[in-house]
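Everything numeric here is computed off the predicted structure, so don't read it as measured data.
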Amino acid sequence: MNNTIQDCDLLLTGGSVVTLDDERRVIEPGAVAVSGARIAAVGPIEELAGYRAGRTIDCTGHAVLPGLIDTHDHLFQGMARGLGEGMPLWTWLTDFMWPFSISINLAEGRIGAKLGAVEALKAGTTTVVDNHYAPSDLDTTLAVAGAIHEVGLRGAVARGITGEATDIARRFDLAGELFRYSNDEEIEITRAAIEAYPAGGRVEVWPAPLNIIYNDQDLVRRSVALAREMGVGWHTHCSERLEDPPTYLEEYGVRPVEWLYREGLLGPEATIAHGIYLDDSEIEHVGETDTGIAYCPISHQYIGLGVMRMADLRASGAPIALGTDGPCCNHRQDMFEVMKQAILLQRVHTLDPTISNGEEALEMATREGARYAGVDAGVLAPGKLADVIVVDMRSPHLTPRHRTVSTLTYCVRGSDVSHSIIDGELVLENGVCTKVDEAEVMAEAQARAEELIDRAGLQGLLTPWRHDGSG
Ligand SMILES: [Zn+2]
């Protein structure tokens with residue numbers, strides 16, 4: 001239908017194109033044309049026959065879809081992958097994660113982020129919200145942002161803010177060395193980091209009061225004000241444990257998300273990890289304000305937290321997205337696995353196989369993730385940012401393929417991703433990162449991680465077999 005020749009930079013042609021657009025078109029075989037950082041055209045091959053591309057990638061036997069958006073992660077945790085097994089959340093924090101976190105130095109923070117970014121990229125993630133809190137000094141925060149940028153991922157470094165310890169933090173022994181900065185210093189450091197990685201760049205910095213339950217209320221207000229002033233998102237953990245809302249209610253006389261709502265702190269720039277224990281009225285507030293919620297089904301199971309009210313939250317209209325939640329409570333960053341678990345956990349919890357489906361998982365991992373993160377991507381449509389992944393479907397575990405959407409959500413593994421394009425740039429080619437040397441990153445991460453575990457005094461966690469069942 002298009003006889004005139006049009007130039008584009010990159011043409012992905014011949015694959016099953018799963019657009020996630022408003023009509024949810026699946027075009028088999030289809031093509032995607034990319035010009036600069038944006039998608040120029042999407043359609044059946046013959047419709048794009050007039051495109052003359054600087055580079056053409058034959059996607060026959062592959063699926064082409066929007067890049068996956070990991071909306072809650074802690075990349076640095078990869079340095080302790082596999083440790084800290086079988087503990088309740090706050091013990092896991094006080095006995096493992098926080099002693100580990102406060103021991104990390106700048107070089108370890110940087111290589112941990114780089115390793116995590118490489119892992120995520122190779123598994124089809126194109127945007128990551130990295131809730132970085134260890135260590136959270138300015139130089140390390142900037143080094144983490146730089147590492148993500150170097151690998152080529154899009155993302156936000158949501159800088160963890162603890163500030164001055166609250167009564168709740170003290171009462172539950174959470175107020176250790178992680179609470180090292182005054183409230184003023186937290187805001188100053190975050191502001192300086194945002195100035196270095198401002199709104200609109202491929203990597204941004206956001207304020208992230210670490211947890212509404214044990215953060216100072218005024219520090220939360222100031223963090224949100226800073227985000228609004230600088231035009232970036234903000235991030236937090238909230239209501240992930242059954243005890244969280246009652247603890248908050250007892251201390252402040254109000255449930256945590258109810259408090260955020262009354263204070264005018266919810267909104268499209270607010271992104272909350274977990275939100276498992278929200279009551280009906282809190283869900284209504286989240287929907288009314290377009291507040292993002294990150295559903296992390298694997299960490300919810302790993303730490304035994306509970307099951308998010310996915311159907312009710314999605315029905316509220318809020319952007320409900322998916323997250324891996326960091327390599328110490330997921331152990332790998334594979335959003336395909338997260339999609340599958342997101343569906344299955346809802347089904348076993350409700351004993352209802354109709355409560356969730358693969359189409360929803362793909363929506364949460366792409367277009368809803370983009371709404372959540374404030375990124376103009378998540379959909380294959382002209383004008384959208386060219387954040388696109390290509391999945392090689394020519395494997396026994398993906399054969400026969402009857403419905404591409406089912407194959408993507410139930411059968412594909414992150415390692416099946418062959419190409420990734422971010423901002424129009426080819427950052428993963430035939431499964432290999434184009435911008436960094438993966439072997440070098442792994443070697444440095446292994447060496448530095450061993451030193452770090454030693455220095456953090458966590459040798460006790462290295463026991464080859466746990467006979468007593470404790471961490
Ligand atoms: Zn988390």
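Distance alone, capped at 3.5 Å, places no donor-acceptor pair between the His62 side chain and the Val391 backbone. Counting only distance, with no hydrogens or angles, the side chain of Asn330 and the backbone of Ser299 share no donor-acceptor pair below 3.5 Å. In terms of modelled atom types and a separation under 3.5 Å, the side chain of Thr140 and the main chain of Ser136 share no donor-acceptor contact. Remark: side-chain polar atoms of His235 are paired, donor with acceptor, to backbone N or O of Thr271 under 3.5 angstrom. Using modelled atom types, one side-chain atom of Glu438 and one backbone atom of Cys433 make a donor-acceptor pair closer than 3.5 Å. For Tyr295 (side chain) and Gly323 (main-chain N/O), no donor-acceptor pair under 3.5 Å exists by modelled atom type.
With sequence neighbours left out, the side chain to side chain donor-acceptor pair (under 3.5 Å) criterion links Arg170 to Asp167. Remark: Tyr181 engages no residue in a side chain to side chain donor-acceptor pair (under 3.5 Å) (not counting sequence neighbours). Partners of Arg222 according to the salt bridge (charged side-chain N to carboxylate O under 4.0 Å, His left out) rule, which considers only residues two or more places apart in sequence or in another chain, are Asp184. Listed by chain and residue number, nothing satisfies the ring pair (Phe, Tyr, Trp, His ring centres under 6.0 Å) test with His419 (two or more places apart in sequence, or in another chain). When the ring pair (Phe, Tyr, Trp, His ring centres under 6.0 Å) test is applied to Phe76, the partners found at least two apart in sequence or on another chain are His132, Tyr133. With sequence neighbours excluded, no residue satisfies side chain to side chain donor-acceptor pair (under 3.5 Å) with Asp95. Scanning for salt bridge (charged side-chain N to carboxylate O under 4.0 Å, His left out) contacts around Asp376 gives Arg38, Lys384, with sequence neighbours left out. Residues satisfying the side chain to side chain donor-acceptor pair (under 3.5 Å) criterion with Thr190, sequence neighbours excluded, are Arg159. Glu240 is linked by a salt bridge (charged side-chain N to carboxylate O under 4.0 Å, His left out) to nothing, counting only residues two or more places apart in sequence or in another chain.
Counting heavy atoms from C-beta outward, Val32 and Ile39 have side chains that approach closer than 4.5 Å. Between Cys238 and His274 there is no side-chain heavy-atom pair separated by less than 4.5 Å.
Here the shortest heavy-atom pairing between Ser223 and Pro207 reads O-CG, 3.5 Å. The shortest heavy-atom contact between Gly201 and Glu204 is O-CG, 3.9 Å. Taking every heavy atom of both residues into account, Glu186 and Leu219 meet most closely at CB-CD1, 4.4 Å. Leu313 and Gly275 get closest at one heavy-atom pair: CD1-O, 4.2 Å.
Shown here is Glu429, whose CD atom has more than 12 heavy atoms of other residues, nucleotides or ligands within 6.0 Å. Residue Glu229 places its CD atom among more than 12 non-hydrogen atoms of other residues, nucleotides or ligands, all under 6.0 Å distant.
Evaluation of the ring pair (Phe, Tyr, Trp, His ring centres under 6.0 Å) test over residues 327-350, restricted to residues two or more places apart or in two chains, returns Tyr302-His331. Counting only residues at least two apart or in different chains, ring pair (Phe, Tyr, Trp, His ring centres under 6.0 Å) contacts with residues 137-174 comprise Trp90-Phe172.
Using a 4.0 Å cut-off between a side-chain N of Lys or Arg and a carboxylate O of Asp or Glu, Glu425 and Arg154 do not qualify as a salt bridge.
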Using residues 105-118 as the side-chain source, report each donor-acceptor pair under 3.5 Å to any protein atom, sequence neighbours left out, with the distance given to one decimal.
{"from": "Asn105", "atom 1": "OD1", "to": "Ala107", "atom 2": "N", "distance (Å)": "3.2"}
{"from": "Asn105", "atom 1": "OD1", "to": "Glu108", "atom 2": "N", "distance (Å)": "2.9"}
{"from": "Asn105", "atom 1": "ND2", "to": "Glu108", "atom 2": "OE2", "distance (Å)": "3.4"}
{"from": "Glu108", "atom 1": "OE1", "to": "Asn105", "atom 2": "N", "distance (Å)": "2.9"}
{"from": "Glu108", "atom 1": "OE1", "to": "Arg455", "atom 2": "NH2", "distance (Å)": "3.4"}
{"from": "Glu108", "atom 1": "OE2", "to": "Arg455", "atom 2": "NH2", "distance (Å)": "2.3"}
{"from": "Lys114", "atom 1": "NZ", "to": "Glu150", "atom 2": "OE2", "distance (Å)": "3.1"}

